[in-house]
Amino acid sequence: MLYVQTHNLVALRALAWIHGDPRKVVYPTDSHGQFCGQQGTPNANKAILFYFNILQCANPAVLINLQCPTTQLCVSKCPDRFATYLDMQYNYRYNKSYWEYYKQFCKPGFDNPKKPVAQVLRDEDCPSMIVPSRPFLQRCFPDFITRNGTLTVANQTNFKDGVGKTRSVIDLRDAANLLDAKEVGMKIFEDYASSWYWILIGLVITMVVSLLFILLLRFTAGVLLWLIIFGVITAVGYGIWHCYWEFSTLRGKPDADVTISDIGFQTDFRVYLQLSQTWLVFMISLSVIEAIIVIMLIFLRRRVRIAIALLKEGSKAIGYIMSTLFYPIITFFLLAICIAYWAVTAVYPPDYRCSTRHICPAKCCYFLTTFSQTNVTKVCPGSQCTFAFYGGESLYHRYIFVLQLCNLLVFLWLVNFTIALGQCTLAGAFASYYWALKKPNDIPACPLFSSFSRAIRYHTGSLAFGSLILAVVQMFRIVLEYLDHKLKGAHNAFARFLLCCLKCCFWCLEHFIKFMNRNAYIMVMLSAFFSGCLGFSSTLGFFCLLCRVAVLDKVTDFLLFLGKLLISGSVGVLAFFFFTRKIPVIQEEVPSLNYYWVPLLTVIFGSYLVAHGFFNVYAMCVDTLFLCFCEDLERNDGSSSRPYYMSPGLHKILRKGEQGAKLCSGS
């Protein structure tokens, strides 16, 4: 299985390397395939790409991928005025400087301003028009400016396209489609550049707080978790009251009755806080969250006590095997390799070459890359190479979409395999803790490394097979999302209903397979301690056990989710006071920002991910210990010949095995 996976990846990678060049995704190239600004070439001093007719570029993604169907030329600067080739020819009779300016946007070597316009446009020697532009991503884009709500380019709303038509700047905007994205994107980049240092500090603080939280759980698990539960309930309740107070205050003001849809998207989030509807939405959302938390605690209070006991036991296991807390770093590193590998393979576009269009017969046609190396100009006098289209006719070009789908499937397979490897490794490490009769003396040396080695050596096929099943289901979900996107404008209600049902079914199937795989990997690692034979008497009993595990798993996830909210929320509040300059001691250290919410949201989201990484280890520990506990009850009776491996604390909480046996049996 692993051989097939590796073989497919290598094959896709080889095709990408043979037929593509990843530099074209980042660096612009002209129609001859030469990089703009590359030293040692005629474009050494021409680092910006200019499009002859940007109106043909309907999508900015097409521009970035270098597939815009128009001639592309490297220039030293972008145009700063409106002009057409017809205007240039007319003014050239009175002032030669018009041609000197215009020809820098024509093909190199072309110096015939008197050539008929029809022939110039046919041979694509010069653009029919130029528009005021600014460089963005080393490409010339129209210089849009909004004045009094009206979109303009150089204070004009209309322009001549050089072929006898008057066009609106809206056409330019539709072609470039980068008006707001460019300005906001540049400001966001500036904010990240000036605040990245403080963002890293916030993430380090989150890591330290998460470690301290886990250490505290070892000694005060019950008290701490109940404090967190009631603390979250109190905090959400206060949030409901505060939202109601703000809503009541703003409800009578005329300016606050405007709806969120009326004002649209605003980069300054403080605008939304002046609307009564915003606080009403917040209040309803918090009320729903509060109700869900209270209902879960009422109906799952017994499971909560058991989950707290397992969390306390899990904190002891993690305390003895501290290296498990840092294993998510290895998983993150492997996932980063998978993502980078897939991305580099996916962005290896075909080596787009301009085919030739000659006056002579077809036998004189060559690709652009070979045109200058042949004697075609002697065989066919007057022949020339002009831009025709991008693409190719090789087998690779015809099946590029299929190859990209295969690449995506392999990517999903690798990601799921990496996650499965991490789950299997952690399960083996925590199982070695549980099955040590005298803790911690009987815990083997380097349990994490030993578990990783066993997973790689003996269970690679199981991990690859489980990952493949999950990847196929995820691939179906992606296809359904694609179809849903394509059918958004359709008026067939039955098709939309069927698609919605399929999406729901595959979502449920994916999460079911994830749950089954996770527990199957735990059982696989448990089998190593009993020569491959586990003590569950029947498949039905094992399935009932998994149902119990599912309930306990969700309760544990809920408790850990509250912990993640507490940590990320606390760090988020600290970041908010810092970036809004509300901490007097370090006001001078705060960087100047365009949008303070950019680093703030990054810190909150990053803090949640860091806490999620640590607490995922905890969740895996609890699931492993619970299955080990059930296996312990199946095999042992607590006598001197068959003693329990569970700790005395866990044994006491679960009433000396009676409650535990009932819990594990599914009754």
Side-chain angles (χ1 to χ4, degrees), residues 28-32 34 36-37 42-58 63 68-136 138-145 151-176 354 357 359 368 382-388:
T29 58
D30 61 15
S31 294
H32 292 263
Q34 297 178 333
C36 296
N43 294 331
N45 298 321
K46 301 176 181 179
I48 307 172
L49 190 67
F50 171 74
Y51 298 93
F52 266 35
N53 188 357
I54 197 172
L55 293 173
Q56 296 184 20
C57 310
L63 298 181
C68 183
T70 186
T71 301
Q72 302 166 25
L73 185 71
C74 295
V75 295
S76 58
K77 63 178 181 179
C78 295
D80 59 5
R81 68 195 71 167
F82 278 112
T84 66
Y85 192 82
L86 282 170
D87 294 338
M88 182 279 301
Q89 280 193 326
Y90 177 79
N91 293 316
Y92 173 73
R93 294 179 293 177
Y94 308 103
N95 190 340
K96 307 297 183 183
S97 63
Y98 281 93
W99 170 243
E100 293 300 323
Y101 178 80
Y102 202 93
K103 76 174 182 179
Q104 61 183 323
F105 305 108
C106 298
K107 286 183 177 178
F110 179 74
D111 194 10
N112 185 11
K114 297 181 180 180
K115 185 176 180 179
V117 176
Q119 296 182 18
V120 170
L121 299 182
R122 182 200 64 189
D123 299 336
E124 296 189 352
D125 295 320
C126 292
S128 63
M129 63 170 183
I130 57 175
V131 298
S133 307
R134 285 192 296 178
F136 179 68
Q138 291 184 256
R139 295 161 174 87
C140 291
F141 287 101
D143 188 8
F144 295 111
I145 299 176
L151 184 66
T152 64
V153 175
N155 295 323
Q156 294 184 214
T157 57
N158 297 295
F159 64 96
K160 298 178 181 178
D161 64 359
V163 291
K165 295 181 181 180
T166 300
R167 308 289 290 267
S168 170
V169 295
I170 302 297
D171 297 332
L172 289 175
R173 185 193 63 182
D174 293 340
C354 300
R357 184 170 64 221
I359 301 173
L368 177 62
S383 64
Q384 56 183 336
C385 181
T386 59
F387 179 86

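Remember, predicted model here, so these are calculated numbers, not experimental data. Numbering of residues begins at 1 and proceeds along the displayed sequence.
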Could you measure the distance from the CG atom of Asp30 to the CD atom of Gln72? Nearest 0.5 Å is fine.
8.0 Å
Correct closest heavy-atom pair for Gln104 and Val75 would be O-CG1, 3.7 Å
Compare all side-chain heavy atoms of Ile145 with those of Val153 and state whether any distance is below 4.5 angstrom.
no
Is a side-chain donor-acceptor pair under 3.5 Å present for Trp99 with Asn91?
no
Can you see which heavy atom on Cys126 is nearest to which on Leu121, and at what distance?
O-CD2, 4.0 Å
Pair Asp80, Tyr101: side-chain N/O donor-acceptor within cut-off below 3.5 Å:
yes
Residues Cys140 and Pro79: closest non-hydrogen pair is SG-CD, 4.4 Å
Mind checking whether Pro108 and Leu73 have side chains closer than 4.5 Å, heavy atoms only?
yes
Between Tyr102 and Ile130, does the side-chain contact (heavy atoms from CB on, under 4.5 Å) criterion hold? Intermediate values first, please.
CA-CA 9 Å; Tyr102 202 93; Ile130 57 175; 4.1 Å; yes
Mind checking whether Phe159 and Thr166 have side chains closer than 4.5 Å, heavy atoms only?
no
Any carboxylate oxygen within less than 4.0 angstrom of a Lys/Arg side-chain nitrogen, looking at Asp123 and Lys115?
yes
Near-ring test Tyr92/Tyr98, centroid separation under 6.0 angstrom
no
Shortest non-hydrogen pair, Phe52 vs Glu124, comes out as CE2-O, 3.4 Å
Using every non-hydrogen atom in the two residues, find where Ile48 and Lys77 come nearest and quote the distance to one decimal.
CD1-CA, 4.1 Å
Is there a side-chain contact between Asp87 and Tyr85 in this structure, where contact means two heavy atoms from C-beta onward sitting under 4.5 Å apart?
no
